[in-house]
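Each ligand, and each atom within it, is numbered from 1 in the order the structure gives. For the numbers below, each heavy atom of this structure counts, side chains included, while hydrogens, waters and symmetry mates do not.
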Amino acid sequence: MAVFNYAESGATCLINGADLDPCTIVIFGATGDLAAKKLIPALLNLHGNRTLPRPCVIVGCGRTPLDDEGFRQRLQKNCPEETRQHALWDEFLQKVHYQAVRYDDPDDYQKLVTRLKEFDESAGTAGNRIFDLAVPPSLYPMIATRLGGAGLAEEAGSGWSRIVVEKPFGRDLASARQLDMVLHQSFTEQQIFRIDHYLAKETVQNVILLRFANALFEPLWNRNYIDYVGIVAAESVGVESRAGYYEEAGVIRDMFQNHLLQLLALIAMEPPSVYSAERVRDEKTKVFRSLRPFSGLDSGSMPVLGQYAKGVIDGAPVVGYRQESGVGPNSTTPTFAMMKVFIDNWRWNGVPFYLASGKRLPRKDTRMVIQFKGVPHSLFRDVLGEGISANRLTLGIFPEEEIQLSFQTKVPGPRICLRNRTLNFKYSDDVAGPKQVAYEKVLVDCIQGEQMFFWRQDGVELAWEFLDPILEICEACTLGNQGLETYRAGEWGPQSAGEWISRIMS
Ligand code: BG6
């Protein structure tokens with residue numbers, strides 16, 4: 001893999017590790033999958049692109065007794081091929097160390113304190129620490145409490161300390177509050193980084209810039225000109241090896257409570273007065289507060305819920321959700337949901353936001369669609385009939401990172417005929433320097449103490465407040481009875497969602 005040369009690039013939008021605070025990155029759950037598949041590869045890339053602080057020490061922590069060399073050998077076995085083939089892999093591994101920690105044992109945390117102090121002295125990491133909890137969420141409270149007990153959350157005079165946690169942040173409002181209370185016993189809100197990897201996507205971060213750094217869109221960005229908004233995260237994969245987690249979560253907790261509501265907030269928020277983490281998150285919070293509450297089963301606000309049955313994906317037969325390993329034969333966990341959501345404020349009154357996500361859909365496709373209204377009066381009706389397509393702005397996240405604007409134009413020739421064409425911007429045509437993937441951005445933001453693209457607790461709670469009543473009803477769903485429908489793997493969800501999904505995906 002090529003190593004990017006900052007000196008030659010002259011690019012000003014890049015981060016040079018030499019400008020960052022030196023630090024130690026402590027990964028809990030270091031022998032697990034998340035560390036080997038995502039975090040270590042991300043850190044290696046940052047090292048390769050010279051974006052890691054200098055110095056930076058990486059300490060893996062886990063219950064398995066290992067020494068540094070044993071841990072490196074494990075990574076050598078478990079990290080992806082591409083990572084192990086990287087030209088700087090061996091050099092990078094020298095930065096990586098291991099400290100065995102039984103998560104509930106205060107003495108082990110004292111040993112960690114001693115080890116971290118040694119690194120501060122030998123490597124010059126200046127007492128700055130990130131604790132990345134790549135462990136099951138049930139362990140967050142214990143590890144956070146023990147870190148606090150060992151004095152590792154303290155910042156006074158000893159460098160900074162930050163804790164990184166991933167969704168799910170609880171499984172409902174009450175448990176989210178409980179988790180937050182425990183985290184806050186040791187860490188302040190500024191020290192807590194709640195990851196949503198969608199917020200680290202280039203195309204997602206760009207929504208604010210597209211909307212507020214261009215004069216073109218904002219005057220039209222409201223109920224007067226927008227017919228509806230569609231936000232879809234479709235996946236062709238099934239539940240894979242995560243049935244244990246997914247059976248507890250289902251699609252609403254897995255995708256809506258976090259990723260889809262963040263996308264909605266970015267599309268719907270008002271411009272903040274300045275581009276700062278607190279002001280941006282204030283505006284998102286106002287959106288969450290304006291979500292029209294769910295008003296009961298018969299109100300039309302009940303989501304369409306589905307569960308995949310056997311079918312065909314990419315030409316190959318696949319089993320239904322209930323036949324997946326680890327899933328009960330009578331499971332009523334939804335693997336697809338589509339919601340029609342309204343935002344009760346001046347800008348969006350009456351504009352539906354369609355949110356949809358599901359597994360075992362025909363393809364992986366993630367996008368946001370802003371569908372404008374048609375022209376108010378067609379002066380071409382005598383020659384063309386009434387059928388003029390309205391403009392549409394599509395913000396593609398996957399498979400293409402792109403922005404498409406559809407518009408009408410004349411077909412060249414003697415007669416008046418219209419055709420629908422698109423202006424198309426692809427991010428890949430325009431990249432200066434190394435492209436950072438989500439975990440690289442998350443880690444760099446955290447090293448910089450930049451909270452803009454992390455969840456703040458008020459948002460987490462408001463998202464649960466909105467979804468809890470829906471989840472309560474969903475959890476009472478039974479297949480073929482009220483609510484939960486089946487769909488064949490490889491189709492765009494249950495029939496009742498089909499029309500909307502195909503309009504958005506067309
Ligand atoms: C995760 C969910 O948060 O996001 C997964 O737990 C889902 O179920 C994944 O597959 C989708 O992320 P992406 O970036 O591939 O769209």
Side-chain angles (χ1 to χ4, degrees), residues 29 32-34 37-39 41-42 80 132-138 164-171 176 193-207 230-264 266 305-308 313 318 321 324-327 331 333-337 355-369 395-402 427 435-443 453-455 459-460 463-464 467 471 489 493 504-505:
D33 247 26
L34 179 59
K37 303 271 160 19
K38 300 279 186 198
L39 295 173
D132 193 321
L133 306 198
V135 293
S138 54
V164 181
V165 290
E166 285 218 37
K167 69 145 207 123
F169 311 120
R171 55 172 284 107
F193 287 71
R194 299 181 191 84
I195 294 185
D196 183 320
H197 79 278
Y198 265 53
L199 286 178
K201 291 178 191 268
E202 202 63 70
T203 38
V204 173
Q205 298 192 350
N206 190 50
V207 175
I231 300 176
V232 177
E235 298 186 273
S236 58
V237 292
V239 68
E240 299 178 294
S241 55
R242 301 164 70 215
Y245 153 76
Y246 202 85
E247 272 290 274
E248 288 292 308
V251 66
I252 295 183
R253 289 192 179 86
D254 189 43
M255 294 295 288
F256 284 68
Q257 196 275 339
N258 31 74
H259 311 322
L260 295 199
L261 283 183
Q262 277 293 345
L263 298 184
L264 172 138
L266 287 165
L305 298 173
Q307 189 188 70
Y308 64 84
I313 297 277
V318 296
Y321 179 71
E324 299 274 16
S325 144
V327 176
S331 165
T333 304
T335 59
F336 173 95
L355 311 187
S357 181
K359 298 217 180 267
R360 286 289 189 225
L361 301 182
R363 59 173 191 272
K364 183 162 173 65
D365 196 322
T366 317
R367 63 171 79 176
M368 297 171 269
V369 167
L395 310 179
I397 300 176
F398 193 91
E400 282 297 343
E401 297 191 315
E402 64 185 353
Y427 287 75
K435 200 171 160 229
Q436 288 195 329
V437 297
Y439 273 97
E440 294 172 41
K441 282 180 201 270
V442 164
L443 288 162
F453 294 109
F454 293 82
W455 277 88
V460 173
W464 281 122
L467 290 171
L471 282 163
I504 294 166
M505 303 315 280

**OP:** For Lys359 and Glu240, run salt bridge (charged side-chain N to carboxylate O under 4.0 Å, His left out): C-alpha distance rounded to whole Å, both residues' side-chain angles, the deciding distance at 0.1 Å, then the answer.
**Re:** CA-CA 10 Å; Lys359 298 217 180 267; Glu240 299 178 294; 5.6 Å; no
**OP:** Could you tell me whether Glu401 and Lys201 make a salt bridge, using a distance below 4.0 angstrom between a side-chain N and a carboxylate O?
**Re:** no
Subject >> Reported CD-to-CD1 distance for the pair Gln262 and Ile231, which is rounded to 0.5 angstrom >> reply: 11.0 Å
Subject >> Minimum-distance pair of heavy atoms, taken over all atoms of Trp464 and Leu471 >> reply: CZ3-CD1, 3.7 Å
Subject >> Leu263 versus Tyr198, closest heavy-atom pair with distance >> reply: CD1-CD2, 4.1 Å
Subject >> Sequence-distant partners of Lys38, salt bridge (charged side-chain N to carboxylate O under 4.0 Å, His left out), two or more places apart >> reply: none
**OP:** Write out the protein residues near ligand 1, meaning a non-hydrogen atom under 4.0 Å from one of its atoms, in order of chain and number.
**Re:** Lys167, His197, Tyr198, Lys201, Glu235, Arg242, Asp254, Met255, His259, Lys359, Lys364
